[in-house]
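Please read the structure below before turning to the comments.
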Number of protein chains: 2
Amino acid sequence: MASDQTRSAILAAAERLYADRGFGDVTLRDIVAEANVNLAAVNYHFGSKDELIAELFVTRSIQTNRERLNELKAAEENGGGRASIEDIMRALVGPTLRGCLGPDREGSTAARFMIRASIESVPPIRRIKNREVDHLRKFAAAMRRAMPGRDDTELYWGLHFALAMAHHTIREKERLLRLSEGKCDLDDVRAIIDRVVTVSVMALTMGDVPSKPALRPVVVHGRLTRQDL
Amino acid sequence: MASDQTRSAILAAAERLYADRGFGDVTLRDIVAEANVNLAAVNYHFGSKDELIAELFVTRSIQTNRERLNELKAAEENGGGRASIEDIMRALVGPTLRGCLGPDREGSTAARFMIRASIESVPPIRRIKNREVDHLRKFAAAMRRAMPGRDDTELYWGLHFALAMAHHTIREKERLLRLSEGKCDLDDVRAIIDRVVTVSVMALTMGDVPSKPALRPVVVHGRLTRQDL
DNA sequence: TTGCATTTCAAACATTTGTATGAAACTATC
DNA sequence: GATAGTTTCATACAAATGTTTGAAATGCAA
């Protein structure tokens, strides 16, 4: 069963190299050199380069998705069958952000790999991502239960914006760091999650204020604020 | 001056092909075939493939950035030297969203190309994007003028989230469409811009409500909402 | 037209890449 | 310990790709 060793060595080496240098300029030869195995081993164990990448990505995706659903389930049991919208959003963005951000995680190959996958988007990964919709539907369903009166459209936009903030923060953390000259602390993952969840819930619950047009109340709020300053 | 004709033909063909099929599987030979020019023409006129891609991207980027700054300037003149935070956010995300979304724009090669550039992130484009920080600083400065008392950190996070929602909507519009089963109207660009701007301003002005902890008021709001339903 | 610079062209180059092959080494079962 | 199945290995293959080359064509000024 030394075959498992080779397999694992390839997976580890590939993940490390892809994480460090991106999918674009890492060849199979680089990988087998790093893993100290023969070139043909990749095709023997995985069939093709794309299948190797796919296996790497699905492994990590399944991990994240499972964490998400676990958090969601815990929140629902905690709330007697119905999770709060805040907890749902937290279950949605928490695992991803925790996995990819933070100072301790800086050395985590898995995290850096997933960031790469989020940035570069190579064909085998794109194919897998397309199936992600089914997973998101579970969150949409939970949100519907948490906000029964809410229009479905608003719900999807809220879900979409939550993922937008989470993923964009992962993708562009370097830029945000540079733009803010280090003022934005990207190591304080808890605070980032709080921030994303807060804004998401806000986006989802806006328009609930009675006797205001659906999409405008906060603009008024902003104007009042400026007058106060 | 037939050289300009060749140059333009290459640029147009390249933009079209990249927009349609992505950077990954469009070769120089595909481009010159589409443009009806000789293979060597690309290297003669642009130096290299990467420089061709870079030229395509900078052209479109400069366009968008100019539109943004024009809107910002107009808003500032309109407000007597100081633009409202809402107008600033609108100037930030409006041009991009208008450029890449909408039914009329579906046929726009430029728009589809920029979406590709946003999704795939190939090296020459990444290099250019890194310089975008200087451009964003102008918006940060305008925001600082509009919200003098606000902490810089909050300001950067607000800017960051606004771009997150805009770009993620462009990147993942297909997925949102599928997830919402067509309920989210991605052709109504005005409404989308309003939505992004509203949430952004909300994120920026949150915590301004007196006697509430900085990052939590809306959670309470959310809970109240659920009780009402 | 002559002469010079620019542009086009076909062809070849030089690598790089993922993949396939067939023999050798190894492992486990009987 | 022989045998069948698995795994490893060096090597070769085939295709694709960006780039270069040097000659031919074209444009333009004197």
Side-chain angles (χ1 to χ4, degrees), chain A residues 1-58 113 116-117 120-128, chain B residues 1-58 113 116-117 120-128:
Chain A
M1 298 293 159
S3 79
D4 271 359
Q5 261 180 9
T6 304
R7 249 188 85 92
S8 310
I10 292 172
L11 284 170
E15 187 167 46
R16 187 152 12 113
L17 287 180
Y18 284 143
D20 284 343
R21 293 161 36 192
F23 297 98
D25 53 69
V26 171
T27 70
L28 286 190
R29 283 168 177 81
D30 294 331
I31 294 172
V32 298
E34 179 88 357
N36 275 312
V37 301
N38 188 272
L39 173 60
V42 173
N43 286 278
Y44 177 76
H45 285 282
F46 299 93
S48 71
K49 182 195 186 186
D50 277 12
E51 288 173 88
L52 166 61
I53 294 178
E55 172 146 348
L56 280 172
F57 186 70
V58 295
F113 172 80
R116 277 286 177 198
E120 285 196 25
S121 175
V122 70
I125 290 183
R126 251 198 305 270
R127 276 192 289 273
I128 295 163
Chain B
M1 299 289 161
S3 79
D4 271 359
Q5 259 180 8
T6 303
R7 251 188 83 93
S8 309
I10 291 173
L11 285 169
E15 187 167 46
R16 187 150 15 113
L17 288 180
Y18 284 142
D20 284 344
R21 294 161 35 192
F23 297 99
D25 52 69
V26 171
T27 71
L28 286 189
R29 283 169 177 80
D30 294 332
I31 293 172
V32 299
E34 180 86 358
N36 276 312
V37 301
N38 186 270
L39 174 59
V42 173
N43 287 278
Y44 177 78
H45 284 282
F46 298 93
S48 71
K49 184 196 184 184
D50 276 12
E51 288 174 89
L52 166 63
I53 294 177
E55 172 146 350
L56 280 171
F57 185 70
V58 297
F113 172 81
R116 278 287 177 197
E120 287 197 25
S121 176
V122 72
I125 289 182
R126 251 199 305 271
R127 276 192 289 274
I128 295 162

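Order of the sequence lines fixes the chain letters, A, B, ..., with proteins taken first and strands second; residue numbering starts at 1 for each chain.
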>> Rounded to whole Å, please give me the gap between NZ in K49(A) and P in dA15(D).
In response: 19 Å
>> Please find the pair of heavy atoms, one from A9(A) and one from A35(A), that lie closest to each other, and give the distance.
In response: O-CB, 3.5 Å
> For DNA chain C, which residues in residues 13-30 of chain B have a heavy atom at a distance below 4.0 Å?
Replying inline: R29(B)
>> Distance check needed: dT8(C) P versus N38(B) CG, whole Å only.
In response: 9 Å
> CD of Q5(A) versus C1' of dT7(D): gap in Å, rounded?
Replying inline: 12 Å
> With respect to the phosphate group of dT8(D), does any side-chain polar atom (N or O) of H45(A) fall under 4.0 Å of OP1 or OP2?
Replying inline: yes
> Could you state the interatomic distance from CD1 (I10(A)) to NE2 (H45(A)), rounded to the nearest 0.5 Å?
Replying inline: 5.5 Å
>> Expressed as a whole number of angstroms, how long is the span from D4(A):CG to dT7(D):C1'?
In response: 12 Å
> With side chains defined as the heavy atoms from C-beta onward, is the minimum distance between R127(A) and D50(A) less than 4.5 Å?
Replying inline: yes
> Between T6(B) and dT8(C), is there a side-chain N or O to OP1/OP2 distance below 4.0 Å?
Replying inline: yes
>> As an exercise, state the distance from CD1 of I53(A) to CD1 of I125(A), rounded to the nearest 0.5 Å.
In response: 6.5 Å
> What distance separates L52(A) CG from E15(A) CD, expressed to the nearest 0.5 Å?
Replying inline: 10.0 Å
> Can you tell me how far C1' of dC9(C) sits from OH of Y44(B), to the nearest Å?
Replying inline: 13 Å
> To the nearest 0.5 Å, what is the distance between CG (L28(B)) and CG (N43(B))?
Replying inline: 6.5 Å
> Measuring from T27(A):OG1 to R21(A):CZ, what's the distance to the nearest 0.5 Å?
Replying inline: 7.5 Å
> Separation of F46(B) atom CZ from dT20(D) atom C1', in whole Å?
Replying inline: 18 Å
>> In this structure, how many angstroms lie between the C1' atom of dT7(C) and the CG atom of N43(B), rounded?
In response: 14 Å
>> Taking the side chain as everything from C-beta on, heavy atoms only, tell me whether R29(A) gets closer than 4.5 Å to L39(A).
In response: yes
>> Let me confirm one number: the CG-CZ distance from L56(B) to F113(B), rounded to the nearest 0.5 Å.
In response: 4.5 Å
> What's the CD1-C1' distance between I31(A) and dT19(C), to the nearest Å?
Replying inline: 14 Å
Are any protein N/O atoms closer than 3.5 Å to N/O atoms in nucleotides 22-25 of chain D? If there are, list each pair with its distance.
none

